[in-house]
Amino acid sequence: MTTRRDFLRNGWKVGSTLLAVAATWTLWESLRPLSTKSSSGVVKLGNPANFASDTATYVPEGRLYVTNATSPAGAQLFALSQKCPHLGCKVPFCTSSGRFECACHGSVFDIGGEWIEGPAPRGMDRIAMTVVGDSLVADTKKVTPGPDHGASEYFSPPKGPNCLGKG
Amino acid sequence: MTDVTTTDEPSSDEQRDALEPKATYGATGRISARVQRSDAWRSVFRHPTSDTPRGRALQSFSNFFLHLYPVKIPARVLKLRYSFRLGFISAVLFGILTATGIYLMFFYTPAVGSAYGDMQQIKTGVGFGELVRNVHRWSAHLMVLAVFLHLVRVFYASAYKHPREFNWVIGVILLLLTLGLSFTGYLLPWDQLSYWAVTVGTDLVHYVPLIGSPLQNLLIGGDQIGQPTLLRFYALHVAVLPATVVLVLSVHIWRVRKDGFAVERASVGAFSEEATDVPGGGPASAPAELYSGRTRVLGVVDRESVTAEERPVDDTVFTWPHLIVRHVVVALGVATAVLAAGVAAVAPLRGLANPNLTPEPAKAPWYFSGLQELLAHFDPVIAGILIPSAAVVALLLLPYIDRNPATEARNRKVAVVIFSGLLAAAVALTVIGTFFRGPGWTFVAPWTHWYVEL
């Protein structure tokens, strides 16, 4: 039989546990970042014809690159997030080699954002683009993770010396 | 029960007067003697000033600050090479960081628009601002180093073994808190160095299985480093983490004191703690249950009254003044060192944080550069999450895994070899990551290009 003493002896433990859970949940809910609805995430990129083949154009407002990648199948425009999928550094485009080369940990991507080497777990993330009138528009809220290792649709050998000082 | 009553404070003014020094010299001596006998003085300083063992013990008992220490400690604790004072040095650095940090708080607003300007103002327009910031920065780096060396020292001294297992765990928590303090402080200048070091550091979190992304968003208050991140890191840096350190450090020091300040060493002979134990269940007149187990009288007792029975030789010395004087000297030495460093070397402040430009190379603070080195070789889940978590868990559980009671190196070879190997690996990775890595994390010899960021 449960005595009143037993009930109180265990009751305060159960009660404090419930309080702790409630406090943690409350704290999580209050500190959880709210979605930033203020900015729409839509960035105008200009006329698609402005992007010459095998070039990467940096768009600071969207923190993205627009690349015109060519492959045997044809040319394709991409909006690639500047954020390295490894640890979030901005991946600079190396014009001499024609590749993305991350200065933080040495990940290298081709002009289509596909992984070539380095510690990054996948290719560069792609941002959705639509054509409005005669202008390209990127929606930075719509991001698809970059292609897995092994994708090499837009791969080409380096055009020249790389920017990382590798031999 | 006479020995118990003698630990109390003198009950009457007559008793206190009897304990005060008798000699007075000249008019000032008479005046100070008069002041020290006044009710007001005695309301503040409740202990007598007599320089006798009993007087010193009573001073320790009645003084809050001295009460952090035991009244008596084993004599070998006084030797510098016993502990190298590393724990105390860490605590002193924490004190210096608190003082300099509070000063800097008067001139700093944690807002993206103004933080960097405030830093420039501190460097150029605030009285001693640059010096205080330099001292704060170098003390922070030094504290990480001191806490780490303290851990290493405690390992090799076997000081985590019974009964100190849990105090080791508390120590590891304090190491993590120190790293957290240093890392949160790293963001506050809002320059290129802080922005990208913290970007890399917090991006690691999203590799945590299942809860990674929500956890990262909670930490940085959004999906990228920005105003919420700066405010969160500021609140953690100036309030949450320091308050936690004060609390946890208090428990840590209290347990050091309760555990007798020194590791038992069989080869040295009787452990000093036993020297103050009441042998054989205590005086015959006292109730036996008062003296069961390891009751200590802490040396306040007039020895003759207790040592009617045989007991080991007492090798303990009074903490005040022997240890306190040494601690004061060490504290002054540490303060001098960081002040000299602050005068000699200016803490870096790079350009304003620019989310559109990653500097080359982007390095984490030096104590994370070993981790960054690992990340260049292994999958982020392994190098960024599994290996560091395993290291922390192994450190936390060390006293419960290593149940070997031996304290000499020759009797605990396995533990020493494993720990030394892992320690060497960690140091090697840190040295390579800090000194030998340049843009693109390529190998660069430090004598050709210097890419060290502090």
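A note on names: the letters A, B, ... follow the listed sequences, proteins ahead of strands, and every chain is numbered from 1.
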Does A:His105 offer a backbone N or O that forms a donor-acceptor pair with the side chain of B:Gln372 under 3.5 Å? no

Mind ranking B:Gly222, B:Pro355, B:Ala376 by heavy-atom pairs under 4.5 Å with chain A and telling me who comes out on top? B:Pro355

Does any heavy atom of chain A fall under 4.5 Å from the side chain of B:Arg232, the backbone, both, or neither of them? side chain

Greater than 12 external heavy atoms within 6.0 Å of A:Trp28's CH2: yes

A:Pro33 to B:Asn217 - nearest heavy-atom pair and separation: CG-O, 3.2 Å

Are the side chains of A:Cys104 and B:Thr358 in touch, meaning some heavy atoms are under 4.5 Å apart? yes

Quick check on A:Glu101 against chain B: is it the side chain, the backbone, both or neither that has a heavy atom closer than 4.5 Å? neither

State the OH-CG distance between A:Tyr58 and B:Leu357, to the nearest 0.5 angstrom. 8.5 Å

Are any side-chain N or O atoms of B:Tyr207 and backbone N or O atoms of A:Leu87, one a donor and one an acceptor, separated by less than 3.5 Å? no

Are any non-hydrogen side-chain atoms of B:Val200 and A:Cys89 less than 4.5 angstrom apart? yes

N/O donor-acceptor pair under 3.5 Å between A:Lys90 side chain and B:Asn356 backbone: yes

Please check if the side chain of A:Arg32 supplies one atom and the backbone of B:Pro214 the other of a donor-acceptor pair under 3.5 Å. no

Just wondering, are more than 12 heavy atoms of other shown residues or ligands nearer than 6.0 Å to NZ in A:Lys44? no

Under a 4.5 Å heavy-atom cut-off, does chain B meet the side chain of A:Cys102, its backbone, both or neither? backbone

Please give me the minimum heavy-atom distance between B:Leu375 and A:His86, naming the atom from each residue. O-NE2, 3.7 Å

Could you check whether atom CZ of B:Phe378 has more than 12 heavy atoms from other residues, nucleotides or ligands sitting under 6.0 Å from it? no

When rounded to the nearest 0.5 angstrom, what is the spacing between NZ in A:Lys83 and CD in B:Gln224? 8.0 Å

